[in-house]
Amino acid sequence: MDTRRKKIGIMGGTFDPIHIGHLILGEKTYEQLGLDKIWFMPAGNPPHKRNRAGRATDEQRVAMVERAISGNPHFELSLIEMHDHGLSYTYHTLENLRKQNPDTDYYFIIGADSLYSFTTWMKPERICAACTIVVATRDHTPIKELSEEMERLTQLYHGHFVRLDTMNIDISSQLLRQWHQEGKSLRYYVPDAVADYINEHHIYHITEGAPETNG
């Protein structure tokens with residue numbers, strides 16, 4: 001009987017669109033921490049990104065994630081946050097997962113920028129109690145400064161923070177949307193299947209008079 005605890009990494013985000021930075025980060029986390037799976041978990045109603053005007057629909061974001069991860073056997077799609085009954089809070093999602101799967105340890109992957117705003121998240125102490133937080137570096141963030149912030153948050157919330165030892169692809173979904181609207185190519189920044197899907201469904205085209213939003 002296999003009594004080994006399972007180790008699941010969670011890559012959350014709006015994935016609007018998903019890009020190679022997400023995929024590389026997922027792969028390196030899987031490799032460095034010896035995980036069983038990486039779950040890509042699109043956020044349905046993220047509290048910090050409520051204005052979705054001019055963006056991909058929930059269905060389109062899910063379809064892009066499916067296409068992006070289809071060739072990787074240890075990448076899986078999780079729809080646990082794709083619901084219409086309120087906002088998605090990380091602490092609530094993680095606590096539910098722990099109750100449902102007591103034999104599993106969860107590793108929640110965030111970027112360095114999210115680390116510096118972690119105190120503003122809803123119930124950060126409960127997030128720390130429910131998972132190990134994996135922090136991806138940013139090219140412009142000094143390692144010493146990052147380590148000091150991780151130590152501060154560890155003391156503050158009694159959490160476990162792990163720095164991912166890998167290069168970072170400093171690209172954002174917001175920039176990719178902007179490029180697409182300007183008619184620039186997304187090739188090599190998103191998987192070909194995702195680029196094809198964006199073009200086929202005319203995603204991110206700004207309609208006249210519609211404001212562009214950040215995020």
Side-chain angles (χ1 to χ4, degrees), residues 6-43 46 48-49 56 61-82 88 90 93-94 97 104-118 121 127-128 130-143 145-147 149-150 153 159-177 179 186-195 197-198 215:
K6 296 177 183 175
K7 300 169 68 175
I8 302 294
I10 296 176
M11 176 80 72
T14 48
F15 301 123
D16 196 11
I18 188 170
H19 54 69
I20 60 164
H22 297 129
L23 300 172
I24 291 171
L25 183 53
E27 182 71 6
K28 290 304 179 183
T29 303
Y30 168 84
E31 183 178 64
Q32 181 175 321
L33 301 182
L35 305 186
D36 295 294
K37 295 282 184 180
I38 297 289
W39 290 355
F40 285 77
M41 189 179 289
H48 59 297
K49 296 185 179 180
R61 292 189 294 114
V62 168
M64 287 190 283
V65 172
E66 286 179 320
R67 283 159 174 75
I69 69 175
S70 63
N72 192 322
H74 48 259
F75 283 179
E76 291 186 1
L77 172 67
S78 171
L79 298 180
I80 193 171
E81 289 201 336
M82 296 298 291
S88 300
T90 300
T93 297
L94 288 167
L97 284 171
T104 301
D105 294 325
Y106 292 98
Y107 296 76
F108 192 76
I109 306 163
I110 66 173
D113 48 351
S114 295
L115 180 76
Y116 289 102
S117 64
F118 187 70
W121 290 31
I127 296 174
C128 287
C131 70
T132 295
I133 298 175
V134 182
V135 183
T137 58
R138 288 282 189 183
D139 293 340
H140 56 260
T141 305
I143 296 300
E145 180 183 315
L146 191 70
S147 298
E149 182 64 9
M150 289 169 62
L153 293 173
H160 185 204
F161 293 79
V162 175
R163 182 171 60 83
L164 193 64
D165 185 23
T166 183
M167 66 177 292
N168 178 73
I169 307 299
D170 213 355
I171 190 74
S172 71
S173 295
Q174 179 185 352
L175 180 60
L176 295 180
R177 293 194 301 270
W179 283 359
L186 303 187
R187 193 168 192 181
Y188 307 123
Y189 287 93
V190 302
D192 288 347
V194 173
Y197 185 87
I198 290 170

Could you report the tightest heavy-atom contact between Ala56 and Asp16, atom names first, then the distance?
CB-OD1, 3.2 Å
Heavy-atom count around Tyr116 OH within 6.0 Å, excluding the residue itself: above 12?
yes
If you apply the rule side chain to side chain contact (heavy atoms under 4.5 Å, CB included), what do you find for Tyr106 with Thr93, and how did you get there?
CA-CA 11 Å; Tyr106 292 98; Thr93 297; over 6 Å; no
Scanning both residues in full, the closest heavy-atom pair of Pro73 with Gly71 reads CD-O, 3.7 Å
Evaluate the side-chain proximity of Arg163 to Ile143: yes if any heavy-atom separation is below 4.5 Å, no if none is.
yes
Do the side chain of Asp36 and the main chain of Lys7 share a donor and acceptor less than 3.5 angstrom apart?
yes
Identify the two heavy atoms, one from Leu164 and one from Thr137, that lie closest to each other, and give their separation to 0.1 Å.
O-CG2, 4.0 Å
Quick check: do Phe118 and Ile127 have side-chain heavy atoms less than 4.5 Å from each other?
yes
Is the shortest side-chain heavy-atom distance between Val65 and Arg61 below 4.5 Å?
no
Hey, mind stepping through Thr132 and Leu33 against side chain to side chain contact (heavy atoms under 4.5 Å, CB included) and telling me if it holds?
CA-CA 11 Å; Thr132 295; Leu33 301 182; 6.0 Å; no
Do Leu97 and Trp39 have side chains that get closer than 4.5 Å, going by heavy atoms?
yes
Taking the side chain as every heavy atom from C-beta outward, state whether Pro191 and Ile69 have any atom pair closer than 4.5 Å.
no
Any Asn72 side-chain heavy atom under 4.5 Å of Ile38 side chain
no
Ring centroids only, cut at 6.0 angstrom: are His22 and Phe40 within range, meaning strictly under it?
no
Evaluate the side-chain proximity of Lys6 to Lys37: yes if any heavy-atom separation is below 4.5 Å, no if none is.
no
Measure the shortest side-chain to side-chain distance between Arg177 and Pro17 over non-hydrogen atoms and say whether it is less than 4.5 angstrom.
yes
Start with the C-alpha distance between Leu115 and Phe161, add both sets of side-chain angles, then the distance that settles side chain to side chain contact (heavy atoms under 4.5 Å, CB included), and finish with yes or no.
CA-CA 10 Å; Leu115 180 76; Phe161 293 79; 3.8 Å; yes
